[in-house]
Amino acid sequence: MKVRTRFAPSPTGFMHIGNLRTALYAYLYAKHYDGDFILRIEDTDTARFVEGAVELIYSTLQKSGIVHDEGPDKDGGYGPYVQSERKDIYRKYAELLVERGGAYYCFCTPERLETLKDENGVTRYDKHCLSLSKEEVARRIEAGESYVIRQNIPTEGVSEYEDMVFGKISVPNSDMEDGILLKSDGMPTYNFANVVDDHLMEISHVIRGTEYLSSTPKYNLMYDAFGWKRPEYIHLPPIMKDAHRKLSKRYGDANFEDFYEKGYLPEAIVNYIALLGWSPKDNEEKMTLARLIELFDVDNVSKSGSIFDETKMRWLNGLYLKEKTDEEFTALARPFYDKSAISGKYDYDKFSALLKTRVEILSEVIDAVAFIGEFGEYDLALYQHKKMKTDEKTGLIAVKAAIDALEKVDSFTSENIHEALIACGENCGLKKGQILFSVRLALTGKASTPGGATEMADILGKDESLRRLRFSESLLEKFLAE
RNA sequence: GGCCCCAUGGUCAAGCGGUCAAGACAUCGCCCUUUCACGGCGGUAACGGGAGUUCGAUUCUCCCUGGGGUCACCA
């Protein structure tokens with residue numbers, strides 16, 4: 001049997017990391033077994049529909065490299081792939097289910113339902129309308145009464161199924177309610193649309209979050225009542241924001257788009273979330289999508305939830321960044337460079353070469369490069385470096401020597417700068433590290449910079465370098481005079 | 001509250017009766033070094049508790065505790 005999995009999001013907002021992971025696993029599973037991955041839009045809740053949400057689903061999947069074989073935009077013969085366009089289908093099957101005894105019409109008003117509440121405020125339908133005769137049902141529908149179709153669940157016995165990650169799940173039938181399958185507006189609920197669509201679309205493996213773990217027996221009861229074959233189930237543990245809270249839409253940073261805009265590479269995001277709830281046998285960590293497809297299997301999907309750790313995703317992102325060429329890095333970082341202090345003024349590639357190993361997410365280039373723009377008073381204590389054996393005094397010596405040396409450099413290339421600096425250091429009795437460390441500081445006023453003294457001077461150019469050195473010289477002189 | 005599920009370091013996680021309980025991130029230290037990084041080496045750090053089963057439990061069973069999910073005309 002061909003493996004067919006689906007990702008069935010509802011367009012109610014952005015795609016958060018948990019949703020994406022579900023899509024990813026469904027995709028990986030299908031592709032691992034050379035099957036098909038289907039995209040289905042579950043928009044039966046007209047009230048919660050959010051404008052633009054469908055587009056976001058497409059763009060996120062596309063950026064992530066998760067491509068569907070069938071979907072609203074790619075007909076595979078099982079369409080339509082948008083639930084709101086399948087209304088007639090659901091009605092037909094709901095009626096069929098009623099005929100087969102798996103469901104029944106219900107005319108109960110919200111007011112009557114209200115009276116069914118127990119002390120916990122939980123309403124539990126009492127099968128009141130199950131006893132209605134066929135004739136009465138027909139008469140009341142004819143009369144225009146509002147109605148829903150409810151699932152008819154046995155009051156006794158236990159329903160069981162085997163989940164591929166959680167194993168055997170069993171739920172007493174008496175704990176399940178006769179849920180609504182077809183709403184009074186004619187739209188199906190998730191519970192029903194899902195079963196009908198998964199069957200009609202020949203989904204072999206249903207992959208979704210654990211929130212459906214205990215309601216799955218209800219769906220199985222429907223498959224049974226229809227006389228359909230039940231699919232295999234793969235329920236996925238939740239991704240948590242912290243020990244207590246699930247990742248939610250309220251946790252703003254948890255959605256793909258935000259990470260993308262912060263300068264995370266889609267391949268790094270995908271790689272990281274693949275590892276949240278699953279791990280390959282040999283513990284590989286940095287994996288391409290192709291590699292993930294090759295290695296993915298249900299055996300190593302974990303049962304317990306995992307906390308989303310942005311720090312580790314940053315590390316992974318840094319790994320991907322490091323292997324980019326300078327040009328590739330520049331292309332990716334351009335939007336951030338354009339917003340930074342070097343915008344339009346400097347050769348981005350030059351910075352990329354230095355920043356590649358110093359930055360974990362692209363947006364960090366803005367801060368890393370800020371010293372170019374802002375230069376003023378800074379903490380002179382920075383000149384004190386224990387290991388280097390430098391302080392404000394040696395700093396001043398170094399700065400003075402550097403000014404003299406650099407003034408004489410006509411062709412301001414990095415080789416010449418370096419040579420001049422080393423030479424002047426020797427002349428005034430400073431070691432290589434001491435002179436370079438001090439000069440770098442005098443040029444930038446920052447504890448850490450994208451490169452050493454030579455690179456900084458080269459990037460700043462002769463005039464600006466000398467201007468900054470003289471400024472630092474005066475700062476140091478003033479300090480030492482006190 | 002009922003029902004379902006889960007439980008290894010701070011985090012992600014190997015483990016599937018016998019291990020000095022992997023690895024990664026983070027953290028700390030050292031080395032390298034033209035700062036900061038990168039890289040290399042090393043350290044700290046875990047089986048929630050209690051009963052069983054067994055020659056032997058992190059691993060199997062039960063209870064407790066803790067946590068999550070679910071009880072909508074939402075998905």
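Quick caveat: nothing in here was measured; it's all calculated off a predicted structure. Chain letters run A, B, ... following the sequence lines, proteins first and then strands; every chain starts at 1.
Each of Val301(A) and Glu360(A) has a nearest nucleotide on RNA chain B; the 5'-most of these lies closest to Val301(A). Checking Val171(A) against Gln83(A), the closest nucleotide of RNA chain B that is more toward the 5' end is the one next to Val171(A).
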Can you list the steps and then say if Glu310(A) with Lys262(A) is a salt bridge (charged side-chain N to carboxylate O under 4.0 Å, His left out)? CA-CA 12 Å; Glu310(A) 190 172 344; Lys262(A) 265 161 78 178; 3.0 Å; yes
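Glu328(A) has no carboxylate O lying under 4.0 Å from a charged side-chain N of Lys322(A), or vice versa, which leaves the two without a salt bridge.
With both ends at atom C1', the span from U58(B) to A14(B) equals 12 Å, rounded to whole Å. To the nearest whole angstrom, the two P atoms, one in U59(B) and one in U54(B), are 16 Å apart.
Phe192(A) and Tyr223(A) have their aromatic ring centers separated by at least 6.0 angstrom. Two rings, from His16(A) and Phe256(A), have their centers 6.0 Å or more apart.
Atom-to-atom, CE of Met240(A) to P of G68(B) comes out at 6 Å; the value is rounded to the nearest Å. Between Lys241(A) atom NZ and U11(B) atom C1' the separation is 15 Å, expressed in whole Å. At whole-Å resolution of the value, CD1 in Ile273(A) and P in A24(B) are 23 Å apart. Remark: C1' of G69(B) and CZ of Arg245(A) are 17 Å apart, rounded to the nearest angstrom. Distance, Phe7(A) CZ to A75(B) C1': 12 Å, rounded to whole Å. Look at CZ on Arg358(A): it is 10 Å from P on C36(B), rounded to the nearest Å. Straight-line distance from the OH atom of Tyr383(A) to the P atom of U34(B): 19 Å, rounded to whole Å. Following rounding to the nearest Å, Lys286(A) (NZ) and A13(B) (P) show an atom-to-atom distance of 20 Å.
Side-chain atoms of Ser215(A) stay outside donor-acceptor range of the base of U70(B), with no qualifying N/O pair under 3.5 Å. Side-chain to base pairing of Ser184(A) with C73(B): one donor and one acceptor N or O lie within less than 3.5 Å of each other. At a cut-off of 3.5 angstrom, counting only N and O atoms as typed in the model, there is no donor on one side facing an acceptor on the other between the side-chain of Asp309(A) and the base of A26(B). Judged by distance alone, with hydrogens and angles left aside, Lys303(A) brings no side-chain donor or acceptor close enough to the base of A7(B) to form a pair under 3.5 Å. Taking 3.5 Å as the limit, the base of U34(B) and the side chain of Thr454(A) contain a donor-acceptor pair of atoms between them. The base of U33(B) sits within donor-acceptor range of the side chain of Lys387(A), with an N or O pair under 3.5 Å.
Pair assignment for A7(B): U65(B), on the basis of Watson-Crick or G-U wobble contacts that are both within less than 3.5 Å. The base-pairing partner of A45(B), taking Watson-Crick or G-U wobble contacts with both distances under 3.5 Å, does not exist among the strands shown. When Watson-Crick and G-U wobble pairs are counted only if both distances are under 3.5 Å, G56(B) pairs with no nucleotide at all.
The phosphate of A14(B) (OP1 or OP2) has a side-chain N or O of Ser279(A) nearer than 4.0 angstrom. Look at Lys432(A) and you'll find a side-chain N or O under 4.0 angstrom from OP1 or OP2 of U34(B). When the side-chain nitrogen and oxygen atoms of Ser302(A) are compared with OP1 and OP2 of C12(B), none of them lie within a distance under 4.0 Å. Of the side-chain N and O atoms in Thr44(A), one or more sit less than 4.0 angstrom from OP1 or OP2 of A75(B). At the phosphate of C6(B), neither OP1 nor OP2 sits under 4.0 Å from any side-chain N or O atom of Thr210(A). Note on His244(A): a side-chain N or O is less than 4.0 Å away from OP1 or OP2 of G68(B).
Here CD of Glu294(A) is found 12.0 Å from CG of Leu289(A). Values are rounded to the nearest 0.5 Å. Rounded to the nearest 0.5 angstrom, Ile422(A) CD1 and Asn427(A) CG are separated by 11.5 Å.
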